[in-house]
Amino acid sequence: MNGRKRVFPVMSIRIPILLCLIFATLIPLVLQERALSGYYRQNLIREDMMEAQNRCLILANEMSGSGYLDNINDTSQTSAVNAEINTIADFFGGRIVVVNSDFRIVRDTFQLSQGKTIVVGEVLRAFGGQPQTHLNEKKDYYYVAYPIQPKQAQNAAAAAGAQTQPAVKGVLLLTVSTEKISQTQKDISGEMQVLELILMLGMFVADAAAAALILRPVRKLVRQLRQSSEGNLDEKIDVASYRETRDISNAVNSTVRQLRAIDESRQEFVSNVSHELKTPITSIRVLADSLMGMDHPPAEMYREFMEDISNEVDREAKIIDDLLTLVRMDRKSPDMNITANASINLLIADILKKLKPIARQKNIELIYESVREVRADVDEMKLSLALMNLVENAIKYNREEGKVHVTLDADHRMFYVKIEDNGIGIPEEEQKHVFEKFYRVDKARSRETGGTGLGLAITKNIIVLHHGAIRLQSAEGEGSTFTVRIPLRYVP
């Protein structure tokens with residue numbers, strides 16, 4: 001093998017459907033033909049045996065009435081019965097044997113066993129006074145053993161009732177081959193098979209048409225899916241002929257809607273990135289052109305313009321850093337450097353220590369309430385970035401001499417960080433968008449504070465990477481509360 005994977009052709013669903021229909025229609029037809037053929041043969045044999053029993057009854061009565069067994073050697077008295085025996089034997093195409101009370105064969109239409117003794121179970125039982133029949137399916141023959149009773153014995157038995165068995169002077173044994181019946185059955189079966197073949201062909205055509213009809217909605221669904229795969233995402237897929245095709249249509253439509261939303265989000269993201277990166281560059285270009293257009297600008301103005309250019313460069317660098325952070329976290333398997341049993345209390349205290357200078361500039365009071373000692377498995381660097389973004393936003397978008405209250409608590413499964421401020425708040429219609437990339441509630445104020453519109457998106461991604469959740473409660477003019485919930489134990 002050269003290492004390449006062999007690709008086998010994929011079977012069409014029409015084949016199993018067609019096979020199922022064929023099995024459901026043709027097999028019952030074949031089984032019915034076999035059952036009818038066997039039933040017809042058994043019915044013919046049963047009727048033939050009943051006819052044989054009637055003929056044997058008549059013949060046995062004639063033998064009793066004429067004293068056939070008593071005058072077996074007198075041809076003048078037995079000739080009529082012998083002729084009747086030969087006629088019945090020829091009619092059934094079989095063999096008649098007459099056995100006397102000594103179990104000796106006194107008449108054989110085949111002239112093969114006269115004078116011989118016969119000991120057969122059915123013959124012995126027939127001497128008990130009851131007719132016997134036996135069918136041998138393997139060797140294709142049946143025989144009827146009928147008792148020959150004198151007239152006087154029959155009348156005495158009838159007068160005495162069923163308890164008395166009449167005397168039996170002999171037994172009439174008729175053996176008949178069923179090969180002729182079997183051959184008749186085979187001939188009829190052959191004709192039925194021709195009819196069955198015609199019906200099979202007709203049913204095969206009907207099954208193929210039924211399979212095509214059943215698969216018509218599936219083919220329609222495939223055509224619509226092909227159109228969608230070629231980029232025609234605006235056309236709704238709607239094949240509700242079956243529950244399955246309806247469910248597939250709904251699932252595909254949902255996927256298409258998500259793809260549309262992702263595509264729109266991607267286009268909006270690219271547009272926002274372009275705009276955000278272009279804005280500082282435009283400002284730098286304007287400042288630089290202004291400086292170059294001046295003849296001998298004052299040192300103070302030169303320094304002011306260079307400070308503005310430096311600030312715009314810093315802003316550009318922050319946007320790029322935030323974008324790189326988002327890209328790293330949006331990867332399929334982002335790197336998580338988990339520290340086991342990290343102290344969340346110390347982590348938050350360190351964040352507040354770093355942000356105190358910013359809070360002091362606006363006279364914002366930072367309050368830290370640690371309800372209990374909390375240790376958890378977290379990526380300290382990422383979690384610090386997420387919580388710092390929340391606390392920094394609470395400071396930046398707060399009023400003068402406002403408050404930021406940070407609370408840490410935990411239960412047996414989760415720890416909770418609440419960042420509460422009494423600042424400007426977020427309008428209700430804007431709250432569902434605050435975690436979107438580049439979204440700003442107040443764009444002018446965000447630019448003043450140096451925001452990129454990526455901080456909360458990064459924060460939410462980091463919390464989700466920790467299998468946690470973030471919730472926002474806010475009222476315009478009253479302040480905002482962000483509640484972060486993260487499991488104490490990290491499960492990759």
Side-chain angles (χ1 to χ4, degrees), residues 325 329 334 336-426 428 431-432 434-435 441 449 451 455-492:
T325 302
M329 287 190 296
M336 293 289 286
N337 299 314
I338 299 297
T339 301
N341 290 320
S343 175
I344 308 301
N345 307 71
L346 294 178
L347 185 144
I348 295 176
D350 187 57
I351 291 171
L352 297 180
K353 181 180 178 181
K354 291 177 182 177
L355 293 176
K356 265 187 180 179
I358 300 175
R360 196 176 296 120
Q361 290 176 3
K362 295 183 63 175
N363 295 321
I364 302 295
E365 183 183 0
L366 287 180
I367 304 170
Y368 177 33
E369 181 184 356
S370 177
V371 177
R372 57 176 51 84
E373 177 70 20
V374 178
R375 291 188 171 273
D377 302 340
V378 296
D379 185 323
E380 291 184 290
M381 185 175 294
K382 289 185 176 63
L383 185 60
S384 293
L385 176 60
L387 297 179
M388 185 174 286
N389 282 339
L390 292 174
V391 178
E392 189 175 5
N393 282 351
I395 295 171
K396 286 181 178 180
Y397 300 104
N398 209 326
R399 57 173 57 94
E400 288 288 336
E401 299 182 354
K403 292 182 180 180
V404 175
H405 190 179
V406 180
T407 306
L408 173 64
D409 196 1
D411 56 24
H412 66 288
R413 292 181 59 248
M414 302 276 183
F415 72 87
Y416 307 88
V417 181
K418 183 189 290 185
I419 297 98
E420 185 178 2
D421 66 70
N422 59 347
I424 60 176
I426 302 171
E428 186 177 354
Q431 292 178 17
K432 61 183 178 182
V434 295
F435 296 106
V441 177
T449 56
L456 287 179
I458 293 172
T459 296
K460 183 175 181 180
N461 277 8
I462 290 173
I463 293 170
V464 169
L465 287 176
H466 284 83
H467 310 310
I470 183 169
R471 186 179 63 185
L472 166 63
Q473 288 178 314
S474 183
E476 193 171 5
E478 297 179 8
S480 303
T481 301
F482 286 87
T483 304
V484 175
R485 182 190 67 199
I486 295 177
L488 294 172
R489 297 290 168 259
Y490 178 80
V491 180

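Counting begins at 1 with the first residue of the sequence.
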S.K.: Compare every heavy atom of K460 with every heavy atom of I470, then report the nearest pair and how far apart it is.
M.R.: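 Heavy atoms of I470 and K460 come nearest at CG2-CG, 4.2 Å.
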
S.K.: Could you walk me through whether D379 and M381 satisfy the side chain to side chain contact (heavy atoms under 4.5 Å, CB included) test, starting with their C-alpha distance in whole Å, then the side-chain angles of each, then the deciding distance to 0.1 Å, before giving a yes or no?
M.R.: CA-CA 6 Å; D379 185 323; M381 185 175 294; 3.8 Å; yes

S.K.: R372: which residues meet the side chain to side chain donor-acceptor pair (under 3.5 Å) condition with it, sequence neighbours left out?
M.R.: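 Side chain to side chain donor-acceptor pair (under 3.5 Å) check on R372 returns D409.
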
S.K.: Please list every donor-acceptor pair under 3.5 Å in which a side-chain atom of residues 419-426 meets a protein atom from a residue at least two apart or in another chain.
M.R.:
unit_1, atom_1, unit_2, atom_2, d
D421, OD1, G423, N, 2.8
D421, OD1, S480, N, 3.2
N422, OD1, K403, N, 2.9

S.K.: L456 versus N389: any side-chain heavy-atom pair under 4.5 Å?
M.R.: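 No; the side chains remain at least 4.5 Å from each other.
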
S.K.: Using 0.5 Å steps for rounding, measure from the NZ atom of K382 to the CD1 atom of I458.
M.R.: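 The NZ atom of K382 sits 11.5 Å away from the CD1 atom of I458.
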
S.K.: Can you name the closest pair of heavy atoms from A394 and N398 and give their distance?
M.R.: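 Heavy atoms only, the tightest pair is O-CB, 3.1 Å.
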
S.K.: Do the side chains of S384 and D350 get nearer than 4.5 Å, heavy atoms only?
M.R.: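 Answer no - side chains too far apart.
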
S.K.: Let me confirm one number: the CE-CG distance from M336 to L465, rounded to the nearest 0.5 Å.
M.R.: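 Those atoms lie 5.0 Å apart.
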
S.K.: Around atom CD of E400, are there more than 12 heavy atoms from other residues, nucleotides or ligands closer than 6.0 Å?
M.R.: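 Yes.
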
S.K.: Write down the atom of V378, the atom of A342, and the distance for their closest heavy-atom approach.
M.R.: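 That would be CG2-CB, 3.9 Å.
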
S.K.: Mind checking what makes side chain to side chain contact (heavy atoms under 4.5 Å, CB included) contact with Y368, not counting sequence neighbours?
M.R.: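 If we apply the side chain to side chain contact (heavy atoms under 4.5 Å, CB included) test to Y368, skipping adjacent residues, the hits are N345, I348, A349, L352, S370, V406, L408.
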
S.K.: At what distance, to the nearest 0.5 angstrom, does CG of L346 lie from CZ of R375?
M.R.: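 CZ of R375 is found 7.0 Å from CG of L346.
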
S.K.: Taking all heavy atoms of I364 and all of R399, pick out the closest pair and write down the distance.
M.R.: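 That closest heavy-atom pairing would be CD1-O, 3.0 Å.
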
S.K.: I'd like to check M388 versus K354 (side-chain heavy atoms, cut-off strictly below 4.5 Å). Are they in contact?
M.R.: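 In short, these two side chains touch, coming nearer than 4.5 Å.
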
S.K.: Do F435 and T459 touch side chain to side chain, with heavy atoms closer than 4.5 Å?
M.R.: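 No; the side chains remain at least 4.5 Å from each other.
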
S.K.: Which atoms form the tightest heavy-atom contact between T483 and K418, and what is the distance?
M.R.: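 Looks like OG1-CG, 4.1 Å.
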
S.K.: Rounded to the nearest 0.5 Å, what separates atom CD1 in I395 from atom CD1 in I358?
M.R.: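 Between atom CD1 of I395 and atom CD1 of I358 there are 6.0 Å.
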
S.K.: According to side chain to side chain donor-acceptor pair (under 3.5 Å), who are the partners of E369, at least two apart in sequence or on a separate chain?
M.R.: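 Listed in chain order: H405.
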
S.K.: Quick one: which residue pairs count as a ring pair (Phe, Tyr, Trp, His ring centres under 6.0 Å) with a foot in residues 345-364, not counting sequence neighbours?
M.R.: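 Residue pairs with at least one partner in residues 345-364: there are none.
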
S.K.: Using the ring pair (Phe, Tyr, Trp, His ring centres under 6.0 Å) rule, collect all pairs that involve residues 471-492, keeping only residues at least two apart or in two chains.
M.R.: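 As it turns out, the ring pair (Phe, Tyr, Trp, His ring centres under 6.0 Å) pairs with a partner in residues 471-492, which skip direct neighbours, are H467-Y490.
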
S.K.: What is the distance from atom OG1 of T339 to atom CD of E380, rounded to the nearest 0.5 Å?
M.R.: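 CD of E380 is found 4.0 Å from OG1 of T339.
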
S.K.: What is the distance from atom NE2 of H466 to atom CZ of F415, rounded to the nearest 0.5 Å?
M.R.: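 It comes to 7.0 Å.
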
S.K.: Go through the steps for T407 and I367 under the test side chain to side chain contact (heavy atoms under 4.5 Å, CB included), then give the verdict.
M.R.: CA-CA 8 Å; T407 306; I367 304 170; over 6 Å; no

S.K.: How close do V484 and L387 get, heavy atom to heavy atom, and via which atoms?
M.R.: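 Shortest heavy-atom contact: CG2-CD2, 4.4 Å.
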
S.K.: With heavy-atom distances below 4.5 Å as the criterion, would you say the side chains of L472 and T481 are in contact?
M.R.: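 Side chain of L472 against side chain of T481, heavy atoms only: no contact under 4.5 Å found.
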
